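All values below come from the heavy atoms of this structure, side chains included, with hydrogens, waters and symmetry mates left out. Computed from a prediction, not measured in an experiment: that's the story for all the values here.
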Amino acid sequence: MKCPNCGGEYDKGRLACPYCGAENKEALENYKQDTYDSLNREKQYIKRLPETIKRAASRLIVKVVLLSIPVLIIVVIGVFIMSNAANNKASSENEMVENALQELLNNGDYAGMSEYVDKTKATVYQSRYDKYTQITDIYDVVVKNEEYWNMIVDVKTGNYSSDSREKFISGYVNWILKGSFKIIKDSEIVVSDRAPLGNEQIISTFIDEIKISLKEKLGLTDEEYDSLYKMEAYTEDSLNEISEILAGRILGQ
């Protein structure tokens, strides 16, 4: 184009004449309009940006969910398989324990049952094993009472002072009474249960054995037995009193 100011010719896209510096009003106006249009487009883009991000985020969430579903299914299946395997293992272990206890019971090996129960307490003390643990509970008291009685005999025949001898024997008698009356009451409830487990005869035999031992070895009279049996709770004073009386009887034998 020709410059209207100096007459020089130059490209019409230039904003000013390269010879005299006069403005190219048409090019300048076009530049302003282009700049305005560009800024307006930027403004519209920025205005739409949150919605664009929101749509992109929604698409991303959908993709994540769709990708997670197979993973979740695999995890659920894995948990189910592991749980089922654990249940099968527990069931197998329970069956093995029950078979072992039943065999010991069939053989009348109560000592073996007691030892087996002691080794497997975490497993055995469930309701399904009540048939066996009810027997071993009272059997353990019978054994413990016999141990205490042997200690009483040792003290009675040992080289102790009169006061020490009576004190030791009274203590052993006290322990025998505590354990015996508790297990007798608990076991009689078991025997009278409306849902018998098939262990009632054995438990009744042990109850009778404990009763006989209390009366024959400790010298407990029928009246004293009934009095102690009827007590709802045993105080230290009441047990100490009867224990001292029985210790005196044992030493007088």
Side-chain angles (χ1 to χ4, degrees), residues 97 101 104-105 108-156 166-251 253:
V97 169
L101 287 170
L104 291 167
L105 178 59
D109 186 0
Y110 306 122
M113 285 177 63
S114 178
E115 183 179 355
Y116 192 89
V117 166
D118 191 56
K119 288 181 179 179
T120 56
K121 281 181 179 177
T123 303
V124 167
Y125 277 97
Q126 304 174 28
S127 59
R128 66 179 291 166
Y129 301 115
D130 284 350
K131 174 181 178 180
Y132 311 103
T133 55
Q134 289 168 357
I135 293 174
T136 57
D137 285 346
I138 192 169
Y139 171 80
D140 289 344
V141 172
V142 171
V143 172
K144 185 60 69 175
N145 283 357
E146 189 63 26
E147 291 175 358
Y148 287 142
W149 175 250
N150 290 334
M151 291 177 187
I152 289 173
V153 172
D154 289 342
V155 171
K156 181 180 177 180
E166 186 172 350
K167 181 179 179 181
F168 286 140
I169 291 177
S170 177
Y172 293 137
V173 170
N174 194 309
W175 291 338
I176 290 174
L177 293 177
K178 281 182 182 177
S180 296
F181 280 101
K182 182 181 185 308
I183 196 65
I184 286 173
K185 289 183 177 182
D186 291 345
S187 298
E188 285 181 344
I189 293 173
V190 169
V191 171
S192 62
D193 198 324
R194 293 182 179 178
L197 300 175
N199 58 4
E200 293 76 21
Q201 185 58 51
I202 297 171
I203 292 174
S204 294
T205 300
F206 282 132
I207 291 175
D208 291 340
E209 185 176 335
I210 293 175
K211 288 180 181 179
I212 293 170
S213 178
L214 292 175
K215 294 177 181 180
E216 293 185 354
K217 291 184 176 180
L218 299 188
L220 199 67
T221 66
D222 291 338
E223 292 77 12
E224 288 167 339
Y225 178 89
D226 292 339
S227 177
L228 287 170
Y229 181 85
K230 291 175 183 177
M231 284 187 183
E232 293 294 331
Y234 301 103
T235 64
E236 286 299 321
D237 289 341
S238 64
L239 283 178
N240 288 339
E241 182 180 354
I242 188 64
S243 297
E244 289 172 2
I245 293 172
L246 293 175
R249 290 178 190 167
I250 292 170
L251 288 170
Q253 293 175 352

From [X] [atom1] over to [Y] [atom2], what is the distance, rounded to the nearest 0.5 angstrom?
X	Y	atom1	atom2	result
Arg128	Leu197	CZ	CG	13.0 Å
Ser170	Ile245	OG	CD1	10.0 Å
Tyr148	Ile176	OH	CD1	8.0 Å
Tyr129	Ser127	OH	OG	10.0 Å
Lys178	Asn174	NZ	CG	5.0 Å
Lys217	Ile250	NZ	CD1	11.0 Å

Do the side chains of [Y] and [X] get nearer than 4.5 Å, heavy atoms only?
X	Y	value
Leu105	Lys131	yes
Leu220	Ile242	yes
Ile138	Gln134	no
Leu104	Tyr110	no
Asp140	Val117	no
Lys119	Tyr116	no
Thr136	Leu101	no

Could you tell me whether Glu147 atom CD has more than 12 heavy atoms of other residues or ligands within 6.0 Å of it?
yes
Is it the case that over 12 heavy atoms from other parts of the model lie below 6.0 angstrom from the CD atom of Glu188?
yes
Per the salt bridge (charged side-chain N to carboxylate O under 4.0 Å, His left out) rule, what does the pair list look like for residues 219-228, sequence neighbours excluded?
Lys215-Asp222, Glu224-Arg249
Could you check Ile135 against Phe206 for side-chain contact (heavy atoms from CB on, under 4.5 Å), going step by step and ending with a plain yes or no?
CA-CA 9 Å; Ile135 293 174; Phe206 282 132; 4.2 Å; yes
Which residues pass the side-chain contact (heavy atoms from CB on, under 4.5 Å) test with Val153, not counting sequence neighbours?
Trp149
Could you tell me which non-hydrogen atom of Leu239 sits nearest to which non-hydrogen atom of Ser243, and how far apart they are?
O-OG, 2.6 Å
Specify the closest pair of heavy atoms between Leu228 and Lys185, including all atoms of both residues, with the distance to one decimal.
O-NZ, 4.5 Å
Verify, without hydrogens or angle tests, whether Glu115 (side chain) and Met113 (backbone) share a donor-acceptor contact under 3.5 angstrom.
no
Polar side-chain atom of Asp118 near backbone of Ser114 as donor-acceptor pair, under 3.5 Å:
no
Do Ile184 and Tyr225 pass the side-chain contact (heavy atoms from CB on, under 4.5 Å) test, and can you show the C-alpha distance, the side-chain angles, and the key distance before you say yes or no?
CA-CA 12 Å; Ile184 286 173; Tyr225 178 89; 3.7 Å; yes
With side-chain contact (heavy atoms from CB on, under 4.5 Å) as the criterion, how do Asn199 and Tyr132 come out once you've worked through the C-alpha distance, each side chain's angles and the decisive distance to 0.1 Å?
CA-CA 8 Å; Asn199 58 4; Tyr132 311 103; over 6 Å; no
Do the side-chain N and O atoms of Ser213 and Asn145 include a donor-acceptor pair separated by under 3.5 angstrom?
no
Salt bridge between Asp186 and Lys182, side-chain N to carboxylate O under 4.0 Å?
yes
Hey, mind stepping through Leu218 and Leu177 against side-chain contact (heavy atoms from CB on, under 4.5 Å) and telling me if it holds?
CA-CA 10 Å; Leu218 299 188; Leu177 293 177; 4.3 Å; yes
